[in-house]
Number of protein chains: 2
Amino acid sequence: MTEKQENILKSALKLFAQEGYASTSTSRVAKSAGVSEGLIFRHFKNKEGLLEAVLQMSMEAAKMHMADIVMTTDPKELIGKILELPFKIKEEEYEMWQLTYALKWQTDSYDTSSQEPLKLALRNAFEKLGYQNPAAEAELIYMFIDGAATSILLHPPEHKSEILNALKAKYQL
Amino acid sequence: MTEKQENILKSALKLFAQEGYASTSTSRVAKSAGVSEGLIFRHFKNKEGLLEAVLQMSMEAAKMHMADIVMTTDPKELIGKILELPFKIKEEEYEMWQLTYALKWQTDSYDTSSQEPLKLALRNAFEKLGYQNPAAEAELIYMFIDGAATSILLHPPEHKSEILNALKAKYQL
DNA sequence: TACATTTGTAAGTGATTACTCACTATTGTG
DNA sequence: CACAATAGTGAGTAATCACTTACAAATGTA
């Protein structure tokens, strides 16, 4: 991975997240990265290949988080960790999450398979705690962290910790 | 409002929602509506004007819903109605909601002002019910309905009613 | 009927799009 | 050093973009 290649990925992430994938031209990416436009196609084949490379790079860190959470055995601890997830997104991760959330609505790119392990772990946790409908509770939490992440990414609320506390209270945490 | 004008709006809504605003060309809209491309610019000035007209048309119904909810005086009834909101989106309203949710991520188009009356009503309701932190509770619910709507619009879950019940239980409804 | 206004079309416009190609510069390896 | 592979450039390409313009058809109104 050369320096110019990294610059392309960084610029692409920034522009795709800020302006949208479709509205960002490869020439804009090249200019922002300080390289010739042809280099993008040499390294990433086409615009879609560039997007995939950007997503792959961005998702490395996220996968580590997930793996850690899924390993948690204590059900209350697991639920707590998942609820905290959207409230602990770091500033430097904003762009990648903005991009992935925006792409959800691009019909062809949506893929739910990465959510499954987390949902399964959640369902097990609620089962252990004797909840009446563990599957529904898991879906519910998943819906919530989606909404919370959206809200935080678009207009970070001032009282995050109070909101998180109100939320945790609903699960006696 | 002529028939061709209506066709343009319908086609634009459909295509903007399915393919995205930036990736949908005015010529595609014209073809889909069965009109000449020039007519779009005659009636709506430019592509952005077309988008605004589409959104305005789509939002008429939504505003009626909101108005009804904000008038509700009983706090528990109000909270219940708001929680039900995303679960009661009609099939024929999917496209407009998909479009508005997708546009959220287009930085320049995001506007939170329409959310304020609802948030205020929610805060009052939680105050009446003696919740410790009504503002945080209102934010929390707002985050949730956002996530629920997203989830339902992208991949409608099978057990909506069970999820809604699990949710209502958290507020003793 | 007369005529102004609105609705609609077809064929353009220059700019920008994703992408290619012929070429040079740099680097790794025997 | 030799020389192949890789990295990088700059000037192309045809297609498509949002939008305009000149003109015709339909409609409202006196």
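We use all heavy atoms of the structure for the numbers below, so side chains are in, but hydrogens, waters and symmetry mates are not. In what follows, every chain begins at residue 1, and chains take the letters A, B, ... in the order their sequences are listed.
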Q: Please check the phosphate of C:dT6 (OP1 and OP2 only) for any side-chain N or O of B:His43 closer than 4.0 Å.
A: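 Answer no for this pair, as no side-chain N or O of B:His43 is under 4.0 Å from OP1 or OP2.
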
Q: State whether A:Thr26 places a side-chain N or O below 4.0 Å from either non-bridging phosphate oxygen (OP1 or OP2) of C:dT17.
A: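 False: A:Thr26 side-chain N/O out of range (4.0 Å or more) of C:dT17 OP1/OP2.
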
Q) B:Phe41 versus B:Thr26: any side-chain heavy-atom pair under 4.5 Å? A)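 Answer yes - side chains close enough.
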
Q) Are a donor atom and an acceptor atom from the side chains of B:Lys14 and B:Ser32 found within less than 3.5 Å of each other? A)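 Absent: no donor and acceptor within the cut-off.
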
Could you check which of [options] has an atom nearest any side-chain atom of [X]?
{"X": "B:Leu39", "options": "D:dC19, D:dA7, C:dG8", "answer": "C:dG8"}
{"X": "B:Arg42", "options": "D:dT9, C:dG8, D:dC19", "answer": "C:dG8"}
{"X": "A:Phe41", "options": "D:dG10, D:dC17, C:dA18", "answer": "C:dA18"}
{"X": "B:Lys47", "options": "D:dT9, C:dG8, D:dA18", "answer": "D:dA18"}

Q. Across the strands shown, which category fits A:Ser23 at heavy-atom distances under 4.0 angstrom: base, sugar-phosphate, nothing?
A.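 It contacts nothing in the nucleic acid.
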
(Q) What contact category does A:Glu37 fall into here, base, sugar-phosphate, or nothing, at under 4.0 angstrom with non-hydrogen atoms? (A)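 Base: the residue A:Glu37, judged by heavy atoms under 4.0 Å, touches a nucleobase.
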
Q: Please confirm whether the backbone N or O of B:Thr73 pairs with a side-chain atom of B:Lys128, one donor and one acceptor, at under 3.5 Å?
A: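 The answer is yes, because a donor-acceptor pair under 3.5 Å joins these two groups.
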
Q.
If you assign A:Gln5 and B:Arg28 each to the DNA chain D nucleotide with the nearest heavy atom, which residue ends up on the more 5' nucleotide?
A.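 Result: A:Gln5.
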
